[in-house]
Amino acid sequence: MASGQRIVILDGLDGQEVYRSVSFAMGSIIALTVADTDGDTTEEVVFAVGNAVYILDPVSGLVEHSHQQADIVTGLAVELSPGPCRLAITFLDRLEQRGCADGNLIGTRPFGIEATFVGIPAGSDGPLVLSDGRRVYRLQDDMITAQSTLLDNRLGDANRGVVVGGDDAIDVYIGGMHGVHRVALPVEEPLFADGFED
């Protein structure tokens, strides 16, 4: 878990603290996730602080890799297939795919809007769910293919929201100033054809 500017690992059985990292003083920790990024069967802790992405070995407490980005990171995900491990790193205006080990750029997807929230329901090559703080959008390839009506202000602020993929629909749970909204997006039909559920 992220605790202020540190990573704290708790034992899953008794809740006792197993590890506490040094402080990452550049800002609050965002996008904390756990994955085996190097194929050694031991999971690493992956997170971003400011414009840096860190991959931390939770056993030794050492940073295995760190990658500096040009802009502030708003979110990230680890993709283990297809092929070698890659990071899907989001910024306000784009998603970048980078190698886990070397941080080299693999691909870029511009959003066409300034996104307060980015949901990745089926990998960073598939459709994305975006919010500009007021509406929800679907990005297919590099084009916005649909948008919602005005839902709220500060919708998905600080990349807070959840996208859950299913067989028939993608459910988006996203909060704003006036409430939490559930948006059901049909998987194959045109987005928002049947409206929204709030």
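Treat the numbers as computed from the prediction; the structure is a model and nothing was measured.
Annotation for Q140: atom CD counts as buried by contact number, over 12 foreign heavy atoms lying within 6.0 Å. Around atom CZ of R160, no more than 12 heavy atoms belonging to other residues, nucleotides or ligands sit under 6.0 Å away.
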Could you please spell out the steps behind the side chain to side chain contact (heavy atoms under 4.5 Å, CB included) verdict for L155 and H181?
-> CA-CA 9 Å; L155 196 63; H181 304 270; 3.7 Å; yes
Show the numbers, then the answer: is there a side-chain hydrogen bond (donor to acceptor under 3.5 Å, both in side chains) between R138 and Q147?
-> CA-CA 7 Å; R138 178 191 266 175; Q147 70 180 28; over 6 Å; no
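One finds the CD1 atom of I106 at 9.0 Å from the CZ atom of R98 (value rounded to the nearest 0.5 Å). I55 contributes atom CD1, which lies 14.0 Å from atom CG of L62 (distance to the nearest 0.5 angstrom). Rounding to the nearest 0.5 Å places CZ of R154 at 13.0 Å from CD1 of I174. Rounding to the nearest 0.5 angstrom, the gap separating the CD1 atom in I113 from the CG atom in D132 is 5.0 Å. Here the CG atom belonging to L130 is positioned 12.0 Å from the CD atom belonging to E114, to the nearest 0.5 angstrom.
A donor-acceptor pair under 3.5 Å links the side-chain atoms of H65 to the main chain of A101, judged by distance alone. No side-chain donor-acceptor contact under 3.5 Å links T90 to the backbone of V118. Between the side chain of D71 and the main chain of F91, no donor-acceptor pair closer than 3.5 Å is present. Between the D152 side chain and the R134 main chain, no donor and acceptor come within less than 3.5 Å of each other. A donor-acceptor distance shorter than 3.5 angstrom exists from the side chain of T116 to the backbone of S131, with no hydrogens or angles considered. In this structure, the side chain of D36 engages the main chain of D40 through a donor-acceptor pair within 3.5 Å.
For the disulfide (SG to SG under 2.5 Å) condition, the pairs that include at least one residue of residues 57-95, sequence neighbours left out, are C85-C100.
Within the 4.5 Å cutoff, side-chain heavy atoms of V136 are placed close to those of L151. Contact of the H178 side chain with the N153 side chain is registered, since non-hydrogen atoms from C-beta on lie closer than 4.5 Å. The side-chain heavy atoms of V163 and F117, taken from C-beta on, include a pair separated by under 4.5 Å. Here the side chains of L87 and V78 are in contact, with some heavy-atom distance below 4.5 Å. Contact check for L128 versus I120: side-chain heavy atoms found under the 4.5 Å cut-off. Side chains of D38 and E44 form a contact here, defined as non-hydrogen atoms less than 4.5 Å apart. Contact check for P110 versus D93: no side-chain heavy atoms found under the 4.5 Å cut-off. In this structure, the side chains of R109 and L139 come closer than 4.5 Å at one or more pairs of heavy atoms.
In this structure S124 satisfies the side chain to side chain contact (heavy atoms under 4.5 Å, CB included) test together with E79, R86, A88, L95, Q97, sequence neighbours excluded.
Between P58 and L56, the closest heavy-atom pair is CD-O, 3.3 Å. Scanning all heavy atoms of the two residues, the minimum distance from Y54 to S66 falls at CD2-CB, 3.7 Å.
In terms of hydrophobic clustering, with Ile, Leu, Val, Met, Phe, Trp and Tyr side chains grouped at heavy-atom distances under 4.5 Å, L92 and F111 are assigned to different clusters. Each of I72 and V53 belongs to its own hydrophobic cluster when Ile, Leu, Val, Met, Phe, Trp and Tyr are linked at side-chain heavy-atom distances under 4.5 angstrom. The hydrophobic cluster containing V63 also contains V45, counting ILVMFWY residues as joined when their side-chain heavy atoms lie under 4.5 angstrom apart, directly or transitively.
Between the side chains of E96 and T108, no donor-acceptor pair is found at a separation under 3.5 Å.
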